[in-house]
Amino acid sequence: MVQITNRFMIASEVFVKKWYGQQAWHDVCATFEPSTNAIFKSKINPKKNVDFMHVAAVLKGVGDVLTPKNEKVLVDLGFHNSEFDLSATQRLLMKIISVEWVLKTAAILWKQRVINGGTIQIKSQGKGHVHATVRDFAEPMPQWWTYLGGWFACAITFSGGRNVDVQWTGGGSTPQDPAEYDARWQ
């Protein structure tokens, strides 16, 4: 079973409330099953993990409620949550180390944040261009793949990339179907 660190849940609530308001968060929560709502009614421990079914509920709820206001809301959420998840030390390191190095270490961060969630492979395609592949993700859903585009974009931006463009180019419909990303920057 895939699990994600609870920081995803905390950061997602912060994002919706900050950018769309309390009513929007209430509307997103109205899409959840009682078990997902129960998580947000308790004090969430950021060091623990949550089953992906709850992450999926948040992604689906945010997408369903807020996409009419912002078609890129899930990408924006991924960028925000990635930034929210970085420690001060990680932020400093990302600013002084190359984009390519940061992306190579994405696999390490992935294993820390996405438990039993497959692997990421990053291959350079030349200066300012990489191809990323996510393999063996057991609980694929389109909202997750869109969200990850923002996650990649944050890593590239924080490490000095400008005019970042990350595209989910396909795949990810089953655990055996790798999700593919193309990332370019200046």
### Query
Between V130, I156, D182, which is the residue that forms a side-chain contact (heavy atoms from CB on, under 4.5 Å) with V166?
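The single option meeting the side-chain contact (heavy atoms from CB on, under 4.5 Å) with V166 is I156.
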### Task
Under the salt bridge (Lys or Arg N to Asp or Glu O under 4.0 Å) rule, collect the residues that match up with K17, sequence neighbours excluded.
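So K17 forms a salt bridge (Lys or Arg N to Asp or Glu O under 4.0 Å) with E13.
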Compare every heavy atom of [Y] with every heavy atom of [X], then report the nearest pair and how far apart it is.
X    : Y    : result
F137 : P140 : O-CD, 3.4 Å
N37  : C29  : ND2-O, 3.1 Å
I115 : Q112 : CD1-O, 3.9 Å
A138 : P175 : O-CG, 3.7 Å

All side-chain hydrogen bond (donor to acceptor under 3.5 Å, both in side chains) counterparts of [X], not counting sequence neighbours:
X    : answer
N6   : none
D27  : Q23
E71  : none
S173 : D177

Working to the nearest 0.5 angstrom, can you tell me the gap between [X] [atom1] and [Y] [atom2]?
X    : Y    : atom1 : atom2 : result
W185 : D165 : CH2   : CG    : 11.5 Å
L66  : L77  : CG    : CG    : 9.0 Å
R7   : R113 : CZ    : CZ    : 7.5 Å
N49  : I4   : CG    : CD1   : 8.5 Å

Which pairs of donor and acceptor atoms, one on a side chain in residues 141-155, lie under 3.5 Å apart (sequence neighbours left out)?
residue: W145; atom: NE1; partner: G172; partner atom: O; Å: 2.9
residue: T146; atom: OG1; partner: P142; partner atom: O; Å: 3.1
residue: Y147; atom: OH; partner: N81; partner atom: ND2; Å: 3.3

#### Entry: By ring-ring contact (aromatic ring centres under 6.0 Å, His included) - contacts of F40 (at least two apart)
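Checked F40 against ring-ring contact (aromatic ring centres under 6.0 Å, His included); matches are W25, F32.
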For residues [X] and [Y]: do they belong to one hydrophobic cluster (side chain heavy atoms under 4.5 Å, members Ile, Leu, Val, Met, Phe, Trp, Tyr)?
X    : Y   : result
F79  : L74 : no
Y181 : V75 : no
I39  : V14 : yes

### Task
Verify the neighbour count for atom NE2 of H26: are there more than 12 heavy atoms of other residues, nucleotides or ligands below 6.0 Å?
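Counting other residues, nucleotides and ligands, NE2 of H26 stays at 12 neighbours or fewer.
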### Worked check of side-chain contact (heavy atoms from CB on, under 4.5 Å) between N70 and Y20
CA-CA 10 Å; N70 174 4; Y20 298 93; 3.0 Å; yes
Okay, side chain of [X], backbone of [Y]: is any donor-acceptor separation there less than 3.5 Å?
X    : Y    : answer
S12  : M9   : no
S124 : G126 : yes
K111 : G117 : no

### Partner set under side chain to side chain contact (heavy atoms under 4.5 Å, CB included) for K18, not counting sequence neighbours
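Side chain to side chain contact (heavy atoms under 4.5 Å, CB included) check on K18 returns nothing, list empty.
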### Message
Checking Q186 now: which residues fulfil side chain to side chain contact (heavy atoms under 4.5 Å, CB included) with it, not counting sequence neighbours?
### Response
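With sequence neighbours excluded, Q186 shows a side chain to side chain contact (heavy atoms under 4.5 Å, CB included) to R162, N163, given in chain and number order.
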### Task
Please collect all salt bridge (Lys or Arg N to Asp or Glu O under 4.0 Å) contacts where either partner lies in residues 35-46, sequence neighbours excluded, each pair once.
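Salt bridge (Lys or Arg N to Asp or Glu O under 4.0 Å) check on residues 35-46 returns no pairs.
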#### Entry: Evaluation steps, side-chain contact (heavy atoms from CB on, under 4.5 Å), between V134 and W110
CA-CA 10 Å; V134 181; W110 179 268; 3.9 Å; yes
For residues 54-63, dump all side-chain donor-acceptor pairs below 3.5 Å to protein atoms at least two apart in sequence or in another chain.
residue: H54; atom: ND1; partner: T36; partner atom: OG1; Å: 2.8
residue: K60; atom: NZ; partner: D64; partner atom: OD2; Å: 2.8

### Message
Show, in sequence, the C-alpha distance, side-chain angles and deciding distance for V73 and F15, and conclude whether the side-chain contact (heavy atoms from CB on, under 4.5 Å) test is met.
### Response
CA-CA 10 Å; V73 70; F15 171 82; 3.9 Å; yes
#### Entry: F8 vs V50 side-chain heavy atoms within contact, under 4.5 Å
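Sidechains of V50 and F8: no contact.
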### Message
For a 4.5 angstrom cut-off between non-hydrogen side-chain atoms, does N116 reach F52?
### Response
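A side-chain contact is absent here, since even the closest heavy-atom pair is not under 4.5 Å.
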### Task
Mind jotting down which residue pairs meet the side-chain hydrogen bond (donor to acceptor under 3.5 Å, both in side chains) criterion with at least one end in residues 132-142? Sequence neighbours excluded, please.
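Every side-chain hydrogen bond (donor to acceptor under 3.5 Å, both in side chains) pair that includes a residue of residues 132-142, provided the two are not neighbours, is T133-E180.
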### Task
Evaluate the side-chain contact (heavy atoms from CB on, under 4.5 Å) criterion for residues Q121 and T119: first the C-alpha distance (whole Å), next the side-chain angles of each, then the deciding distance (0.1 Å), finally the verdict.
CA-CA 7 Å; Q121 181 180 32; T119 60; 5.9 Å; no
